[in-house]
Structures are given as structure tokens and as C-alpha cells.
Amino acid sequence: MELDERKLKILQAIIRTYLETGEPVGSRTISKYSDLNLSSATIRNEMSDLEEMGYILQPHTSAGRIPSDKGYRLYVDTMLDDKAQEVHDMKAELEEKAGKIDDLLRSVAKLLAVNTNYATMVSGPRYASKKVKFIQLTLVDDSNLLAVIVLDNNVVKNKMIQMKDAMDQETLLRLNFIMNTTLNGLDVMDMNLAVIQKIKEQMGTHNSVIDSVLEIIGNALTEDEDLEIYTSGATNILKYPELADKSNAAQILSAFEEKKALNQWIEQEPVSQSKDDNHAIQVYIGGETQVESMKDCSLVTATYRIDDGVYGKVGIVGPKRMDYDKVVATLQSMMEQLDDIFKDNK
């Protein structure tokens, strides 16, 4: 005898009801709670088939049915398959948007807000350290030089430099060569006095121009990026009475709307850059929260990594009585999905 979709739904309804009540389940109960719109007589016939197939038992005459071990096994296996499909569907939805990182991260914020019923925020990727990729110096006129600095995260900085002494094209070509061969691949910590002195010795002239270029590079390597922050579910905060107070809610909602206040949350770099650090999940409770306007909340954060040294943060904001187990598990699952996506798209 085949276990068709109708029988499976009736079996699932029996097991769910029995798990809730601990009492044998009758056909009339199933007819009320299942979405099959079947009569009690039809359900009784299906229950008889399920009993004959060994999925349910009748503990004694005139009683309802209870699940057998075989029934529990099918229920658990089906439930696990459904969860696996749910994760697969979530990953598929994210992968569809993986072509554009902003769409992907915006989807992550939305999915987390829906799945947790809390407010969420996701930062755009940032670099743990930036390095010089390319330097281009171009003469504009006899007294002005345009410096174009390209970093390894493809950020481009332009700056006009006023020269004290005129520079010919041959000297400019040599300066470009020395700057690029000496500084390419270096971060700000590598640009020490020895490196600077080496450049000046090789050039032998135009020290003031060299100092100006190095200052521009130093500023480009150390200045903070204007990171995008994607938020979702801010109004979920209003569902919790302790946060729905007029002043509290206004502060929190304002932070999500303005987003500038959320920069504090991104500042702390993950302690470890290891791929096996459980995504640096951290829980901040009340006053531990880095965002001042959220001091009455709890904030759970995790770190995603796109590549070595390229990372971003995901945060979930809720009341201090938030379901920490669920939030941490949801974050961990989402980080694993992102790991797979970034790995597949390298």
C-alpha cells in the first residue's frame, strides 16, 4: 500500500497533535486541524490504512491512534528533508543575487529580519588592511602635478600637488617607476623611514613632491571608508513593550534610518581572521552594546568573509530577553550559506 500525500499529511497531523497533547488522536480531531477538508469517515479510513502499514497504533479499543516508531521515523526524516530543502531554497535565493554584492547583503538583512522577528543590519565589505596597487603621476602644467593612487580594493584617490620646481617628462617617468616598484603591495605599516629614504636616494631630487605623494598615500591607506549599511525589520523593535517606549523607540528607529550611528558597531575588527573561528559571533547585552542608542537592547553580531582580509559584519538587534539560541543558530547558518556563495564565486 502506497503512502500518498494525503496519508502523509494525516500522519503528520496525528504526530503533531499527539506531541502537543500526549493523548491518543481521533479522526474528529484531525478533521478540525488538518487542511485536507475531509470528513471524519474518510479520515478514519485513511487512519486504518496507516495502522495497517505500521505507522500508527491503537493502544486500546475505541481509543484514538498514537504514532509507532516507524511513524516517528518517517516524521523525523521528512522534517529533516524539509529543513534541508528550506536551507537549499534560501541558498538558491541568495545565489541568484550574488552577482551584485549590495543586492546579496540587502537580501541577507531582510531574510534575517523575517526569520528572527528582530531588527537586522549588514555592513558592506571592508578591508582589514589596504595596500598600494598603482600610482600614476601626471604633469598638468609647469607647477602642478596630478597624483592618482589606486588601492588594492580598487578605491581611487586623486590629489593635485603644487611643485616648487618644474619637472620634465623624463624625470616624471623615473619618479613613476621608482614609486610603483618600491611601494606596490605595501600597506601603511610597511611604509617606514627606510622605504622613504630609499625612494629619495634613487630620485636624488624633488623631495617635496615625494613627501606630498607619500602623504596622500598614507591618508588613503588610513582613512575610514564610508561603508554602506543595509538594514531591515527596524519596526520589529516596536513589538517589544520594553523597547516601544516613545523615547527609546525614537532613538533606535532614528539610528536605523540615519545609519551614521551604526558605524560604531562596525569599528571593532574581528579578533581572528581564521576561517575556523565560528564567524566571530559575539553577543553584546545592554551597556555592552557599541551603539549608544541601543544600550537598552541586545546585539548579536557575526563576521562574513569574502576573501583574505575582506570582511563585513552582520548584526541582529532585539530586547535583552531575545531568543539567543535561535539568533545564534540562525546567524551561524546564514554565515555558512554566505561562505559557500563567496567560495563558489571566487
Side-chain angles (χ1 to χ4, degrees), residues 101-102 123-229 260 263-275 277 280 303-313 342-343 345-346:
I101 190 68
D102 53 344
S123 79
R126 68 184 305 178
Y127 280 63
S129 64
K130 293 172 283 188
K131 297 180 179 180
V132 178
K133 184 176 183 180
F134 181 71
I135 302 165
Q136 179 64 53
L137 306 175
T138 306
L139 286 174
V140 177
D141 52 42
D142 289 343
S143 57
N144 290 289
L145 184 71
L146 176 64
V148 179
I149 314 298
V150 182
L151 305 182
D152 63 346
N153 58 349
N154 291 324
V155 169
V156 179
K157 301 291 182 181
N158 301 316
K159 188 79 173 180
M160 195 70 72
I161 297 173
Q162 190 168 21
M163 299 182 296
K164 294 179 181 179
D165 304 310
M167 183 183 298
D168 58 34
Q169 287 292 341
E170 185 178 345
T171 303
L172 178 66
L173 182 63
R174 185 156 58 95
L175 180 57
N176 269 306
F177 177 77
I178 292 171
M179 282 281 187
N180 278 287
T181 54
T182 307
L183 299 178
N184 182 266
L186 298 186
D187 62 25
V188 69
M189 299 301 294
D190 296 322
M191 292 173 56
N192 51 38
L193 289 175
V195 171
I196 296 170
Q197 189 60 33
K198 178 182 177 182
I199 294 172
K200 290 183 176 181
E201 287 177 356
Q202 286 181 301
M203 274 302 297
T205 184
H206 293 289
N207 282 353
S208 62
V209 173
I210 294 171
D211 287 337
S212 295
V213 175
L214 291 173
E215 182 181 358
I216 295 168
I217 294 172
N219 290 337
L221 291 173
T222 55
E223 69 182 10
D224 291 331
E225 305 127 291
D226 185 17
L227 289 178
E228 184 68 61
I229 300 177
K260 289 181 181 179
N263 287 332
Q264 299 166 288
W265 155 69
I266 306 171
E267 286 308 308
Q268 184 176 343
E269 193 174 311
V271 176
S272 169
Q273 290 295 316
S274 166
K275 295 186 182 299
D277 64 353
T303 302
Y304 68 83
R305 292 187 178 84
I306 296 178
D307 208 340
D308 289 341
V310 187
Y311 71 94
K313 283 194 163 185
F342 293 138
K343 180 180 178 181
N345 284 273
K346 279 187 178 180

**Student:** With sequence neighbours excluded, what pairs up with Lys159 under the side chain to side chain donor-acceptor pair (under 3.5 Å) test?
**Tutor:** none
**Student:** Do you know which two heavy atoms are closest between Lys313 and Tyr304, and how far apart they sit?
**Tutor:** N-CE2, 3.7 Å
**Student:** Which atom pair, heavy atoms only, marks the closest approach of Met167 to Leu172?
**Tutor:** SD-CA, 3.7 Å
**Student:** Under the side chain to side chain donor-acceptor pair (under 3.5 Å) definition, can you give me all pairs with a residue in residues 206-218, not counting sequence neighbours?
**Tutor:** Lys200-Asp211
**Student:** Restricting to non-hydrogen atoms, name the atom on Leu151 and the atom on Val132 that form the minimum distance, rounded to 0.1 Å.
**Tutor:** CD2-CA, 4.4 Å
**Student:** When you compare the side chain of Ile210 with that of Met179, does any pair of heavy atoms fall below 4.5 Å?
**Tutor:** yes
**Student:** Keeping to residues at least two apart or across chains, list the side chain to side chain donor-acceptor pair (under 3.5 Å) pairs with something in residues 160-170.
**Tutor:** Asp168-Thr171
**Student:** Is there a side-chain contact (heavy atoms from CB on, under 4.5 Å) between Ile196 and Met191 once you walk through the steps?
**Tutor:** CA-CA 7 Å; Ile196 296 170; Met191 292 173 56; 5.6 Å; no
**Student:** Only one of Val150, Leu183, Asn180 clears side-chain contact (heavy atoms from CB on, under 4.5 Å) with Lys133; which?
**Tutor:** Val150
**Student:** Does the Asn176 side chain pair with the main chain of Leu137, one donor and one acceptor, at a distance under 3.5 Å?
**Tutor:** yes
**Student:** Would you mind reporting whether Val213 and Leu175 have side-chain heavy atoms less than 4.5 Å apart?
**Tutor:** no
**Student:** What is the distance from atom CG of Asn192 to atom CG of Leu186, rounded to the nearest 0.5 Å?
**Tutor:** 8.5 Å
**Student:** Please identify each residue that fulfils side-chain contact (heavy atoms from CB on, under 4.5 Å) with Met160, with sequence neighbours left out.
**Tutor:** Val140, Asn144, Leu146
**Student:** Can you confirm whether Asn158 is buried at CG, in the sense that more than 12 heavy atoms of other residues, nucleotides or ligands lie under 6.0 Å from that atom?
**Tutor:** yes
**Student:** What pairs with Lys198 under salt bridge (charged side-chain N to carboxylate O under 4.0 Å, His left out), at least two apart in sequence or on another chain?
**Tutor:** none
**Student:** At their closest point, which heavy atom of Met163 faces which heavy atom of Leu139, and how far apart are they?
**Tutor:** CE-CD2, 3.7 Å
**Student:** Start with the C-alpha distance between Lys157 and Asn219, add both sets of side-chain angles, then the distance that settles side-chain contact (heavy atoms from CB on, under 4.5 Å), and finish with yes or no.
**Tutor:** CA-CA 10 Å; Lys157 301 291 182 181; Asn219 290 337; over 6 Å; no
**Student:** Under a 4.5 Å cut-off applied to non-hydrogen side-chain atoms, are Val209 and Met203 in contact?
**Tutor:** no
**Student:** To the nearest 0.5 Å, tell me how far Ile217 CD1 sits from Ile149 CD1.
**Tutor:** 4.5 Å
**Student:** My understanding is that only residues two or more places apart in sequence, or in another chain, count here; which of them pass side-chain contact (heavy atoms from CB on, under 4.5 Å) with Phe177?
**Tutor:** Thr181
**Student:** Checking Asn184 now: which residues fulfil side-chain contact (heavy atoms from CB on, under 4.5 Å) with it, not counting sequence neighbours?
**Tutor:** none
